[in-house]
Amino acid sequence: MSNIKKKILIVDDSELNRSLLADILSVDFDIIEAGDGDEAIRILHERELEISLMLLDIVMPKMDGFEVLAVMNRMGWIKTIPVIMISSETGSTYIDRAYDLGAVDYISRPFDERTVKHRVACNFMFSVRQKEMSELLSKQIYQHEKDKSLMIEILSHIVEFRNMESGLHVLHVNVITKALLNQLVKKTDKYNLNEKDINLIVNASALHDVGKITVPSEILNKPGKLTEEEYAIMKNHTVEGANMLTAIPFRKNEDLIKVGYQICRWHHERFDGKGYPDGLEADEIPISAQVVSIADVYDALTSERVYKRAYSQEEAVQMILNGECGKFNPILLECLVETAPKLKEELTVISLSGSVDNKINDTVKRILREGKTGASDRSIKLLERERQKFDFLSNISGEIVFEYSETPEEIKLSEWGASKLGLPVRLEDPKINSYWNNVFSKEDFNQFLNEIHNTSPENPVYTNRYLLHLNNQPKWSKVIARSMWSDEENPKFEGVIGKIVDVNDEVEAMEQLEHQAEHDGLTGLLNHAAAKRRIERILKERRKKYAFIVFDLDNFKYANDNYGHLFGDEVLKTVANRVKENIRVNDIAARMGGDEFIVFMEYKDTPLAQTDRIFKKLCRNYKDFPISVSMGVAITENFKGDYEELFHMADTAMYMTKQKSKRAYCFYDKNMKMVLRSADNLEDDDGGGKR
């Protein structure tokens, strides 16, 4: 037998992780390292035949682990090079995907030496068998890759129109759809679904809203309630998406196209026949569309949008069960209730992908506790660097970070946290009770420990609010903690790492989100929906006189076409600033979208002077570009109607202005007559002249 060592390729963007693995395996193997997926693919091109096994991380810059596996499938390397995934991502979505792409094993970090050595040895021992299994599964892998390639082709077709849904929403719908289908086949064989059918529906779920690329952006991105005409256009995205798929050349008979068509066209149908576009009911609706419909609604409810907060999982499930989002198949509702706890975990894992790997601290703690590390000088230096980074980030975060160890009982605080609480950095038994009970009440801390003991290695996170004493002041605070467990076959609870967050910080964050939800991101003015709500409240009081101004920029398209969109944005911000400078604090100004704005301002005798002033300030050049506006004005004096009627009056007046001359404004007066006031005679006019 040859004495030449086999070569292992370790692919991880963390030098510390690569070093730790190299320390474990370098006795028996020659180690090749790659810092990212791109470098790994380059090494495989050059040295494929030399490499006997690969250890591969998932979350990496440039090219992640899944993309590396996809390339290895295309190149055929996956048949000759066993791949073991090593990652902190523990959700079944990641594990299933790794196995689907050909990985032979999956090790979760933090890893230990015994596990790594055992798994590597086993995979070498069974490498021949793995190759035989790869051949037996070649048809399945081929179909999987064929579906992936087809999906890429479809998505490329979509990109030619417009890039719409966020990748996170699509991934969420994908995960929810798979969970519901897996539960459905456990409950009933009514729909005769096999594993291939499930994978097909899951892949096709990514296409559910492709038809929205045909919806005009002013409707698609409108923060307020849609008009009947706008809603009709929005609903038509189901038909447009289905038509788009059938229009793809050469692929009309593919199963993915057929299922995608069902999902696109009918995912807004409802079980009682009150959906759209075709009013299908019950099982007239394909099961693929029924499942994606619930997945889409669930994610929409539990995700934050500019126009609403995110509902909790419990609220979302209850709203769906109550029929607030339409009627759904009773069997699927049962599946939703049964999978909801697992969904919450899975979606949290996905949302946090790419975040800082906090589990590195478990590895640090274990190695330092054992004392005899066997680690190289390089690994020790990298571990110390990670410890320093963790301490530094803890101290500047403005949060109280703590670590609780059960045996021996000990609490460690970040330096900032210790100074905030007026406590030592390290609290050891028996001082814990005398010190720590000044922060927690004894009852609360015992309850906290009981809850932490009820966690598990699979579900280690616990969150709750407690009335804590911070600097001798009682404050409601949120405690977020993660339990830590031993690496034994039957894991034992070892302690907790967590942080204390002032609830006021959360309130401030919520206020910031609410501000963002009500304001236009470019100009800082209110958005139309927020302005409408405020104006409607004022109209209900009917106490004062107001002028409602609607205006847009004349020839704004010229600015974008000839100077570029960045210049166009500067023009819009300049207009917004001029409006802010010429209205009072209690007046309302908003950007409706594009180059359209509204102003709602109080007046006493006549609105002319204020209207003239704003008009003159706006009709001035920005750099070399002549800013010109067309205005329509409606007044609330003797007005008894609602917001929609008032807006219609001002909008009609603006339309009349643009029809007659532009660079002007006119009033929609109480006699329903149009009165034009041109900019040409404003230079020497004090604004109070004849109308």
Side-chain angles (χ1 to χ4, degrees), residues 164-165 169-170 172-174 176-181 183-184 187-188 190-191 193 197 200-202 204-216 219-220 222 224-246 257-303 305 307-308 311 315-337 339-340 343:
M164 288 297 298
E165 290 284 5
H169 173 67
V170 171
H172 282 182
V173 170
N174 183 285
I176 299 165
T177 298
K178 185 173 183 178
L180 291 174
L181 287 169
Q183 190 65 21
L184 180 64
K187 295 180 70 67
T188 178
K190 176 181 178 180
Y191 298 101
L193 296 171
D197 298 325
L200 193 62
I201 295 171
V202 169
S205 70
L207 305 172
H208 67 283
D209 269 345
V210 294
K212 284 186 177 179
I213 64 176
T214 65
V215 179
I219 296 176
L220 194 61
K222 184 176 180 179
K225 184 177 179 181
L226 299 179
T227 65
E228 289 184 6
E229 294 79 9
E230 291 170 337
Y231 187 49
I233 294 172
M234 177 66 82
K235 290 197 297 184
N236 200 49
H237 79 272
T238 55
V239 177
E240 292 294 342
N243 291 341
M244 193 183 304
L245 294 185
T246 57
I257 294 289
K258 295 176 182 177
V259 176
Y261 179 97
Q262 296 173 356
I263 292 171
C264 285
R265 186 175 184 98
W266 294 311
H267 73 281
H268 279 287
E269 300 286 356
R270 292 296 179 260
F271 206 68
D272 57 359
K274 295 182 179 180
Y276 61 88
D278 300 316
L280 303 183
E281 63 181 29
D283 284 330
E284 290 178 349
I285 310 168
I287 191 61
S288 58
Q290 291 189 50
V291 174
V292 173
S293 178
I294 291 187
D296 186 32
V297 168
Y298 178 93
D299 186 60
L301 290 173
T302 56
S303 299
R305 298 287 187 266
Y307 52 86
K308 74 167 189 68
Y311 293 101
E315 289 175 312
V317 171
Q318 197 58 52
M319 291 170 71
I320 294 172
L321 294 177
N322 291 343
E324 296 180 43
C325 306
K327 298 294 182 183
F328 296 96
N329 189 331
I331 299 177
L332 290 179
L333 292 179
E334 293 177 14
C335 293
L336 177 63
V337 172
T339 58
L343 281 177

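Predicted model only: the values in this text are computed from it and were never measured.
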### Message
Is it the case that the side chain of S293 and the backbone of A289 share a donor-acceptor pair, with hydrogens and angles ignored and the cut-off at 3.5 Å?
### Response
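No; judged by distance alone, with no hydrogens or angles, the pair does not exist.
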### Query
If only atom types and distance count, is the side chain of D272 paired as donor or acceptor with the main-chain N or O of K274 below 3.5 Å?
yes
Specify the closest pair of heavy atoms between [X] and [Y], including all atoms of both residues, with the distance to one decimal.
X	Y	result
L343	L336	CD1-CD1, 4.3 Å
G241	C264	C-CB, 3.9 Å
D296	V173	CA-CG2, 4.2 Å
I263	S205	CD1-N, 4.0 Å
H267	H208	CE1-O, 2.9 Å
L245	G260	CD1-C, 3.3 Å

### Query
Going by heavy atoms in the side chains, are L332 and I287 under 4.5 Å from each other?
yes
### Query
Does the side chain of R265 come within less than 4.5 Å of V239's, by heavy atoms?
yes
### Message
As a quick check of understanding, evaluate side chain to side chain contact (heavy atoms under 4.5 Å, CB included) for Q262 and I201, giving each step before the final call.
### Response
CA-CA 10 Å; Q262 296 173 356; I201 295 171; over 6 Å; no
Separation between [atom1] of [X] and [atom2] of [Y], rounded to the nearest 0.5 Å:
X	Y	atom1	atom2	result
L181	Y191	CG	OH	11.0 Å
N322	K327	CG	NZ	8.5 Å
M244	L207	CE	CG	10.0 Å
L184	E334	CG	CD	10.0 Å
T227	I233	OG1	CD1	7.5 Å
Q290	R270	CD	CZ	10.5 Å

### Task
May I have the step-by-step check of side chain to side chain contact (heavy atoms under 4.5 Å, CB included) for F271 and E281, ending in yes or no?
CA-CA 5 Å; F271 206 68; E281 63 181 29; over 6 Å; no
### Query
What's the verdict on side chain to side chain contact (heavy atoms under 4.5 Å, CB included) for E269 and T238, showing C-alpha distance, side-chain angles and the deciding distance?
CA-CA 10 Å; E269 300 286 356; T238 55; over 6 Å; no
### Message
Determine whether N329 and D283 satisfy the following criterion, side chain to side chain contact (heavy atoms under 4.5 Å, CB included), listing intermediate values before the conclusion.
### Response
CA-CA 8 Å; N329 189 331; D283 284 330; 4.0 Å; yes
#### Entry: Test ring pair (Phe, Tyr, Trp, His ring centres under 6.0 Å) applied to Y261 - qualifying residues, sequence neighbours left out
W266
### Task
List in chain and number order the residues that pass ring pair (Phe, Tyr, Trp, His ring centres under 6.0 Å) with Y276, two or more places apart in sequence or in another chain; answer none if no residue qualifies.
H268
### Task
Inspect the surroundings of NZ in K235 and state if more than 12 heavy atoms from other residues, nucleotides or ligands are less than 6.0 Å away.
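Enclosed.
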### Query
Between Q183 and T339, is a side-chain hydrogen bond (donor to acceptor under 3.5 Å, both in side chains) present by the stated rule, with each step listed?
CA-CA 7 Å; Q183 190 65 21; T339 58; over 6 Å; no
